[in-house]
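The structure's right below; bear with me while I get my questions together.
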Amino acid sequence: MTEPNVLSSLSSALAETIARAAPAIVSVHSHRARATGFVWKTGLVVTADEALADEGEIEIQFADGSRRQATVVGRDHTTDIALLRVDGAAAPVKLSTGSPALGSLAVIVAADRGAPTARLGMVALSGPAWRSLRGGEIDARIELDVRLRHSQQGGLALDAAGEPFGMAVLGPRRVLTIPATTIERVATQLEKSGRIARGYLGVGLQPVRLDDGLGAMVMNVDKAGPSAAAGIRQGDVIIAVNGEKLSGVRALSRGLGPQSVGTVVELTVHRGGEPLNFKVTVGERPET
């Protein structure tokens, strides 16, 4: 009997890795949308929020072919994490909080109508924490050089040792991984309260270009909000936050993460051509 060569050994190892992860992978069906999810805890499934429909019933299809109706526990658009509750006997997966090395192999285990699927790629970028365009705090930036179908969003990303280090989602240019640390933090909060607290100034803003930079014009003010309590009015133009020039409305919004609730920020505004400073205690964004 001939000795196995390097490629056959690698192939066998990958197949074993995928087989170990597959039982925790599920298909998520929601109003003409299909995605992948994984059993995070008994009765709780994590999936990609972007791939989940905004309305209609949700059905989970397990690896054994069984189907169950699911309900939404909570969703966080900023980190692309949704948590679903479902009856099912699939064993939860244990996430690894380590980050894969640049250039290392990565396997995405997903599902298509309940059947496990797999993709092999490489870690193309492994970097520090970052903020998503919607202001979510992502604990590490991990990009994968791999192709991913829409229905495979929410699949588990595994390293070469078979450790699941995150959830694969479609980014603007490459496949991104929402790391395990972010999933554990956000899913735990969603399980507890059904939502993620976000900072709230209570103003509607419109970007404006000034002679010396950018500003944000206050288009409307929530009369019961933090800015109204501080004295900010409609028509004011915010030009600085805590003494730093405003770099844009989006940057201001992205700074209103969960940790901002209860903090005091100093907003510098132009009113009638004169600069004024206001101290605003950031509130918690109300549910819509």
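It should be emphasised that the depicted structure is a prediction, and the values quoted were computed from it without experimental measurement.
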With D80, which residues qualify under side-chain hydrogen bond (donor to acceptor under 3.5 Å, both in side chains), at least two apart?
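With sequence neighbours excluded, D80 shows a side-chain hydrogen bond (donor to acceptor under 3.5 Å, both in side chains) to no residue whatsoever.
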Salt bridge between D49 and R75, side-chain N to carboxylate O under 4.0 Å?
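Answer for the salt bridge query: yes.
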Results of side-chain hydrogen bond (donor to acceptor under 3.5 Å, both in side chains) for H150 - residues two or more places apart only
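Once residues adjacent in sequence are excluded, H150 has no partner under the side-chain hydrogen bond (donor to acceptor under 3.5 Å, both in side chains) criterion.
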Contact list for residues 195-210, test side chain to side chain donor-acceptor pair (under 3.5 Å), sequence neighbours left out
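Of all non-adjacent pairs touching residues 195-210, those that pass side chain to side chain donor-acceptor pair (under 3.5 Å) are D76-R198, T78-R198, R195-E284, Y200-D222.
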A quick test of your reading: do over 12 heavy atoms of other residues, nucleotides or ligands sit less than 6.0 Å from CZ of R250?
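Not buried by this count: 12 neighbours or fewer within 6.0 Å.
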For the backbone of A101 and the side chain of S104, can you confirm whether one donor and one acceptor N or O come within less than 3.5 Å of each other?
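It does hold such a pair.
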Identify, with sequence neighbours excluded, every residue that meets side-chain hydrogen bond (donor to acceptor under 3.5 Å, both in side chains) alongside N242.
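Residues passing side-chain hydrogen bond (donor to acceptor under 3.5 Å, both in side chains) with N242: none at all.
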According to a 4.5 Å side-chain heavy-atom criterion applied to Ile, Leu, Val, Met, Phe, Trp and Tyr, with indirect links allowed, do V86 and F38 form part of one hydrophobic cluster?
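The answer is no; the residues belong to distinct hydrophobic clusters.
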Quick one: list whatever passes side-chain hydrogen bond (donor to acceptor under 3.5 Å, both in side chains) with D64, sequence neighbours left out.
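Counting only residues at least two positions away or on another chain, D64 forms a side-chain hydrogen bond (donor to acceptor under 3.5 Å, both in side chains) with S66.
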Given a cutoff of under 4.5 Å between side-chain heavy atoms of I, L, V, M, F, W and Y, with clusters grown through shared members, what are the other residues clustered with V208?
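Result for V208 is L210, M217, M219, V237, I239.
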V146: hydrophobic cluster co-members (side-chain, 4.5 Å):
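Answer for V146: I108, V123, I142, L144, L148, F165, L170, V175.
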For the pair R173 and E143, evaluate salt bridge (charged side-chain N to carboxylate O under 4.0 Å, His left out) and give the outcome as yes or no after the intermediate values.
CA-CA 9 Å; R173 292 181 298 276; E143 296 183 2; 5.2 Å; no
Before accepting this row, confirm whether a basic side-chain N of the pair E137/R131 lies closer than 4.0 Å to the acidic partner's carboxylate O.
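Salt bridge: yes.
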Give every residue pair that meets the side chain to side chain donor-acceptor pair (under 3.5 Å) criterion with at least one member in residues 111-130, sequence neighbours excluded.
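Every side chain to side chain donor-acceptor pair (under 3.5 Å) pair that includes a residue of residues 111-130, provided the two are not neighbours, is R34-D112, T117-Q152, R119-Q152.
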When Ile, Leu, Val, Met, Phe, Trp and Tyr are grouped by side-chain heavy atoms lying under 4.5 Å apart, directly or through other members, which residues fall in the same group as L125?
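Besides L125, the cluster holds no residue at all.
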List, by chain and then residue number, the residues other than L7 in its hydrophobic cluster (Ile/Leu/Val/Met/Phe/Trp/Tyr, side-chain heavy atoms under 4.5 Å); write none if there are no others.
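L7 shares its hydrophobic cluster with no other residue.
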Do M167 and I18 belong to the same hydrophobic cluster, where Ile, Leu, Val, Met, Phe, Trp and Tyr are linked whenever their side-chain heavy atoms lie under 4.5 Å apart, directly or via other members?
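Yes; tracing contacts between hydrophobic side chains, which count when under 4.5 Å, links both residues.
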Neighbour count above 12 (heavy atom, 6.0 Å) for E57 CD:
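Count not over threshold, so no.
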Mind checking whether L84 and V72 have side chains closer than 4.5 Å, heavy atoms only?
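A side-chain contact exists here, since the closest heavy-atom pair is under 4.5 Å.
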Which residue pairs satisfy the side chain to side chain donor-acceptor pair (under 3.5 Å) criterion with at least one member in residues 178-189, sequence neighbours excluded?
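Of all non-adjacent pairs touching residues 178-189, those that pass side chain to side chain donor-acceptor pair (under 3.5 Å) are W40-E184, D139-T182, D139-R185, Q189-S193.
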Should V265 and V282 count as side-chain neighbours, where that means a heavy-atom distance under 4.5 Å?
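In short, these two side chains touch, coming nearer than 4.5 Å.
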Can you pull the side chain to side chain donor-acceptor pair (under 3.5 Å) pairs that have at least one residue in residues 225-238, sequence neighbours excluded?
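Pairs touching residues 225-238 that pass the test: D236-R271.
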